[in-house]
Amino acid sequence: MKITIVAVGRIKEKYLTDAVTEYAKRLGRYCRLEIVEVPDERTPDGASEAVEAKIREREGERILQKIPEGAYMIALAIDGHAPDSVELARQMERWNVGGVSHMVFVIGGSLGLSNEVLARADYQLSFSRMTFPHQLMRVILLEQIYRSFRIRNHEPYHK
């Protein structure tokens with residue numbers, strides 16, 4: 001199985017980079033992991049909704065260019081499905097058993113995802129109604145993917 005994470009922006013803090021590296025290493029025994037970063041747009045202070053929409057659109061175009069043909073796309077969206085960890089593990093297993101061999105998780109920038117990206121998504125996943133920094137979200141997502149594989153393989157993992 002291949003898992004790709006397409007994320008807007010780069011991680012700048014070393015502690016987050018270290019966490020991403022650690023989870024990528026752990027996931028190596030379960031899947032082929034690829035992390036693809038697309039450039040983010042600068043948001044001017046006090047930007048209007050129209051300017052913010054244009055920024056989401058530009059970032060969205062970059063994201064969609066990185067989605068491989070035939071990949072199952074999961075967009076992280078605040079209004080998406082909000083499973084617990086066991087439910088997410090079961091859902092990922094259902095996708096895999098159903099023939100999905102490449103899952104692409106998409107993390108938007110600080111303004112979220114464009115309507116075009118959300119429309120392309122096969123599934124929308126929410127981790128919370130709260131907003132998290134998109135750089136931290138990458139670590140949270142990787143941890144939950146790792147936890148899902150541990151759960152699916154009946155391997156112990158802290159609760």
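This one's a predicted model, so the numbers in the text were calculated from it and none came from an experiment. For this chain, numbers begin at 1 and follow the sequence in order.
Here E61 does not pair with K66 in a salt bridge; the nearest charged N to carboxylate O distance is not below 4.0 Å.
Under 3.5 Å, the side chains of Y30 and E155 contain a donor-acceptor pair of N or O atoms. Counted by atom type alone, R62 and Q65 present zero donor-acceptor pairs between their side chains at under 3.5 Å. Using modelled atom types, one finds a donor on one side chain and an acceptor on the other under 3.5 Å when comparing S85 with Q144.
A heavy-atom distance below 4.5 Å is found between the side chains of L76 and M137. Contact annotation: the side chain of L88 never approaches that of I145 to less than 4.5 Å [non-hydrogen atoms, C-beta and beyond]. In this structure, the side chains of S114 and L64 stay at 4.5 Å or more apart for every pair of heavy atoms. At a threshold of 4.5 Å between non-hydrogen side-chain atoms, the residues E93 and V97 count as touching. Residues V20 and I35 meet the side-chain proximity criterion, which asks for heavy atoms closer than 4.5 Å. Side chains of R147 and F149 form no contact here, defined as non-hydrogen atoms less than 4.5 Å apart. Side-chain atoms of E87 and D84, non-hydrogen and from C-beta on, do get closer than 4.5 Å to each other. Contact check for H102 versus R32: no side-chain heavy atoms found under the 4.5 Å cut-off.
In terms of heavy atoms, G60 sits closest to V117 at CA-CG2, 3.5 Å. Taking both residues in full, the closest heavy atoms of A71 and D122 are given as O-OD2, 3.8 Å, listed atom of the first, atom of the second, then distance. Residue R120 comes nearest to I67 through the heavy atom pair NH2-CG2, 3.4 Å, listed as atom of the first residue, atom of the second, then distance. Residues R10 and Q135 approach most closely at O-NE2, 3.0 Å, considering heavy atoms. Here the shortest heavy-atom pairing between H134 and V8 reads CD2-O, 3.2 Å. The two atoms that bring D79 and R129 nearest to each other are OD1-NH1, 2.6 Å, heavy atoms only.
Under the 4.5 Å side-chain heavy-atom criterion for ILVMFWY residues, a single connected hydrophobic cluster contains both L33 and L16. At a threshold of 4.5 Å between side-chain heavy atoms, the hydrophobic network of Ile, Leu, Val, Met, Phe, Trp and Tyr places I63 and F132 in two separate groups. The hydrophobic clustering, which links ILVMFWY residues whose side-chain heavy atoms are closer than 4.5 Å, places L141 and M1 together. Residue V38 is grouped with residue V104 when hydrophobic side chains (ILVMFWY) are merged at heavy-atom distances under 4.5 angstrom, including chains of intermediate members. Hydrophobic cluster membership is shared by L125 and Y146, with clusters built from Ile, Leu, Val, Met, Phe, Trp and Tyr side chains linked at under 4.5 angstrom.
The environment of NZ in K14 is sparse: at most 12 heavy-atom neighbours from other residues, nucleotides or ligands sit within 6.0 Å.
Taking CZ from R58 and CG from D40, the interatomic distance works out to 12.0 Å, rounded to the nearest 0.5 Å. The distance from the CD1 atom of I107 to the CD1 atom of I5 is 5.5 Å, given to the nearest 0.5 Å. From T4, atom OG1 reaches atom CZ of F105 across 10.0 Å, with rounding to the nearest 0.5 Å. With rounding to the nearest 0.5 Å, the separation of CG in L111 from CD in E49 is 8.5 Å. Between the CE atom in M92 and the CD1 atom in I151 there is a gap of 10.5 Å [rounded to 0.5 Å]. Atom SG of residue C31 and atom CD1 of residue I3 lie 4.0 Å apart, to the nearest 0.5 angstrom.
Pairs engaging residues 36-84 under the ring pair (Phe, Tyr, Trp, His ring centres under 6.0 Å) rule: Y72-W95, H81-Y123 [sequence neighbours left out].
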Checklist entry - Going through the distances and angles, do R26 and E143 end up as a salt bridge (charged side-chain N to carboxylate O under 4.0 Å, His left out)? => result CA-CA 10 Å; R26 291 182 188 192; E143 190 280 335; over 6 Å; no

Item to check | Full working for salt bridge (charged side-chain N to carboxylate O under 4.0 Å, His left out) between K25 and E22 | outcome: CA-CA 5 Å; K25 182 176 81 175; E22 177 62 25; 3.4 Å; yes

Item to check | Derivation of the side-chain contact (heavy atoms from CB on, under 4.5 Å) call for E37 and R138 | outcome: CA-CA 11 Å; E37 295 176 335; R138 196 178 313 184; 2.8 Å; yes

